[in-house]
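Read through the structure below, which is laid out as structure tokens, and then see the notes.
Hydrogens, waters and symmetry mates are skipped; everything else that's a heavy atom, side chains included, is used. Throughout, a chain's letter reflects where its sequence line sits, starting with A, and its residues are numbered from 1.
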2 protein chains.
Amino acid sequence: MNDVRPIRATSGTNHEGTSAHNRRVIIDALRLNGALSRADLARATRLTKQTVSNIMEELEIDGLVISRETVRRGRGQPSTPYGLVPEGAFAIGLQIDRHITRAIAVDLVGNVLIGKEANLPVGGPATGTPVVLQLVQEVRTELKLRAAQAEKRLVGLGVAMPGPFGIEQDGDDNPWMMGAWQRFPLLETLSAGTGLNVTLQNDAAACATAERMVGAAHGLDHAVCLYVGYGIGAGLILGGDLYSGAHGNAGEIGMALLTAGGRLTQLEHRASLASLYEHLGVDPMAPDIYSLIDRRAAADDPEILAWIEKAAIDLRWSVHLIETIFDPQTVILCGGAPAALATRLIDAMQPLLPSNADRADRLLPRLQLGMTDPWAVARGAAAEPIGHAFDPRFSAILKS
Amino acid sequence: MNDVRPIRATSGTNHEGTSAHNRRVIIDALRLNGALSRADLARATRLTKQTVSNIMEELEIDGLVISRETVRRGRGQPSTPYGLVPEGAFAIGLQIDRHITRAIAVDLVGNVLIGKEANLPVGGPATGTPVVLQLVQEVRTELKLRAAQAEKRLVGLGVAMPGPFGIEQDGDDNPWMMGAWQRFPLLETLSAGTGLNVTLQNDAAACATAERMVGAAHGLDHAVCLYVGYGIGAGLILGGDLYSGAHGNAGEIGMALLTAGGRLTQLEHRASLASLYEHLGVDPMAPDIYSLIDRRAAADDPEILAWIEKAAIDLRWSVHLIETIFDPQTVILCGGAPAALATRLIDAMQPLLPSNADRADRLLPRLQLGMTDPWAVARGAAAEPIGHAFDPRFSAILKS
DNA sequence: CAAATAAGTCAAGACAATTGACTTAAAAGA
DNA sequence: TCTTTTAAGTCAATTGTCTTGACTTATTTG
């Protein structure tokens, strides 16, 4: 008698939805194109001048946009461009990695205001959570000092962590796999501990978010970030949005099996920083490892070059595969690798393998260099709540 | 002085957009769940009862939905379920393949009403276009006889063809590559020749569209169709929508390079029907090849089993790769392969390689069998305009 | 037979975009 | 210099669509 089969449907929309969408479209357009006049915005969004005017007035009152000097562009009344106000919104980004955690504060346009890091003690979430919460609190306190409005304009806490999520892995007790963290109710704990909206993504996705917001993927609808960090992964920007798959694990190409030297192995074992550390015989936990690798790479250390030579083979194949499968506008190499290493990797990957990306009408390079600093992941983590806050479904700072 | 840099922005929306969205949401919900009452729809779409009532009244007048017998479900007034009217819309699907072309007519719920095929003469579009147009016309004429309303409820012509598009390929003069067709202004020609809205997708994408509309991917937001036809490809349903990449070539995994037997080769050369035909030494142009393969596979022909054994290795790897990269809810094997062959392929692929898809909370099999008949591609091609017609941006039959 | 429950309608109201006329400010041409 | 043209932006009224709250209808429960 009782029919309990759930009904599947997407949500309908109403006036508020319409309005929220239009506000978001305008903010997006400003982020993408810099300052624009009301008339420009009306043309670009295909809304009427009046609608744009109304929305801009609201946004100005909300402190999200501000007018600039008028500009004369030929006949007619000069236009008044409006730009985003950096202090219009803030977010905190948190990276949790194997032995270190980083927290940063960013503003609406993606400027990094504060960055702090701390070592994570062994013992997983039980001992790590207090450290993480403490770090976030420090950043938050400092942000409050720097910007009076910050606390009430704080739209959320974005967290990035290596994936995959929700999988019982082999070697789950290996501290480098972070299985304990992945099983831990991190969202709930951080949400309760900070009172902020918390979102979680994997590190490659965070890098892609950062590249899309303020990097090489800015304004692109189809781009893939090949993330080379301690592990390896791909951050997917598909159809203008970050794609995370059914369980948040899309793009975990580090676990892809490939035949190398006649043996089936995982990409991660061939081309990640983990494989480099192993190749060099250095301790991944050494505190100055980033600058060490940077220096040795810059000096064309033969051991590093040997690894690059080998890793480039597999990365070249990865780019070919990404191009073949996703048909993106460009592929961006990014992540926690030092710049000297990353540039040498890109050079060693040339010439790229032939693929569908060899098109006569290409506008962008097939492979380009993205952010290469240890803070990129935290930056992307912070960018997520900012992007999210202007999504129609979640308009936190616009109501009040 | 003249600033001609184009402004990039997404489009805003208005009341009509809201309404079109809500109508589409309702039609989607009916397609997904079968018949639903107004109250059910209101709960599922989070619209008010009144709004749903208004929209349903319109849809009923437009002939897209019809009420069914009332049902008593406990206390309260009995509910009146509404279902989609199959004759509410029609579309024609066209498959253009190497030596054959197929056209079918479908209705709103995906029933195939008419199917016709014709051999394509050698000579590419110059000689092929008249044949194709003739075939479409025949189907259209017959459809008119079958359903009086058909002509004015015809929402478009969907075309499917092997990809990739816009690439100058090696061996472009090879008639199996269809380079001449891919360079030909097909959309414009067919649009002019039929007066219909024409859309184009590759054959794997068409299969995925069909699976989503009426097959194994019905109601799924994340599914990948591994298409094994003359070539091999993947149709991607990501986040509830078909994904085609920046140039319509996403999912062309047939061109992915892999190491097999110590040599770098393309997946297509190992696991497509083309490779089977070559293995068997049969002429791919033989008119009864489909049933021939079906019979031999069903009889466990040793030559076929040998090919299956070999192809399964690479397909198993493909599934692993797809799962690793896309994190889908399920992978569906579909395409132009006969059922006897497809089931044996799936069996030979077991056990699947370990991947992120090995989850404790799985609801669907990792790999399942989809449509396996020569008409699946045409069916998907036809499904595209139907799906598209209820998109907010293109509400063809709703205005009038 | 009354109370509870749920489906569905009615009519008024609220919200947000559109429309068309208007104002303002500059460049171009006579 | 003065008029015309062009474009930005505003004002006030209108329109389209969803929401609200009270109501009606039909059924089960006790």
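- To the nearest 0.5 Å, the span separating NE2 on A/His218 from CZ on A/Arg212 amounts to 9.5 Å.
- Using a 4.0 Å cut-off between charged side-chain N and carboxylate O, A/Asp40 and A/Arg73 make a salt bridge.
- Following rounding to the nearest Å, A/Gln77 (CD) and D/dT5 (P) show an atom-to-atom distance of 19 Å.
- Both B/Pro78 and B/Thr13 sit near DNA chain C, but only B/Pro78 has its closest nucleotide nearer the 5' end.
- Protein atom CD1 of B/Ile55 is 13 Å distant from nucleotide atom C1' of D/dT19, rounded to whole Å.
- Heavy atoms of other residues, nucleotides or ligands lying less than 6.0 angstrom from CZ of B/Arg362 number more than 12.
- Across all their heavy atoms, B/Gln329 and A/Ala246 have their closest contact at CG-CB, 3.8 Å.
- Within the nucleic acid shown, B/Thr70 has no heavy atom closer than 4.0 Å to any nucleic acid atom.
- Protein atom CD of A/Gln50 is 13 Å distant from nucleotide atom P of D/dA13, rounded to whole Å.
- Only B/Arg38, B/Ala39, B/Arg43, B/Lys49, listed by number, bring a heavy atom of residues 38-49 of chain B to less than 4.0 angstrom from any atom of DNA chain C.
- The side-chain contact (heavy atoms from CB on, under 4.5 Å) test with A/Leu108 is passed by exactly one of A/Val65, A/Leu30, A/Val155, A/Ile386: A/Ile386.
- Straight-line distance from the CZ atom of A/Arg72 to the C1' atom of D/dT6: 16 Å, rounded to whole Å.
- Backbone-only engagement by B/Asn22 is indicated by non-hydrogen atom pairs under 4.0 Å involving sugar-phosphate atoms exclusively.
- Heavy atoms from other residues, nucleotides or ligands lying under 6.0 Å from CD of A/Glu57 number 12 at most.
- On the nucleic acid side, DNA chain C contacts chain B at distances under 4.0 Å to non-hydrogen atoms, with the end points of that region at C/dA4 to C/dT18.
- Environment of CD in B/Glu69: sparse, with no more than 12 heavy atoms of neighbouring residues, nucleotides or ligands closer than 6.0 Å.
- In this structure, B/Glu57 atom CD and D/dT17 atom C1' are separated by 15 Å, rounded to whole Å.
- Using a 4.0 Å heavy-atom criterion, one finds that A/Thr51 contacts the bases of the nucleic acid, with or without backbone contacts as well.
- A donor-acceptor contact under 3.5 Å is not formed by the side chain of A/Glu16 with the base of D/dC18.
- A/Tyr243 has its ring centre less than 6.0 Å from the ring centre of B/His222.
- In this structure the side chain of B/Val106 never reaches within 4.5 angstrom of the side chain of B/Leu113, judged on heavy atoms.
- Side-chain proximity of B/Arg75 to D/dT28, D/dA12, D/dA26: nearest is D/dT28.
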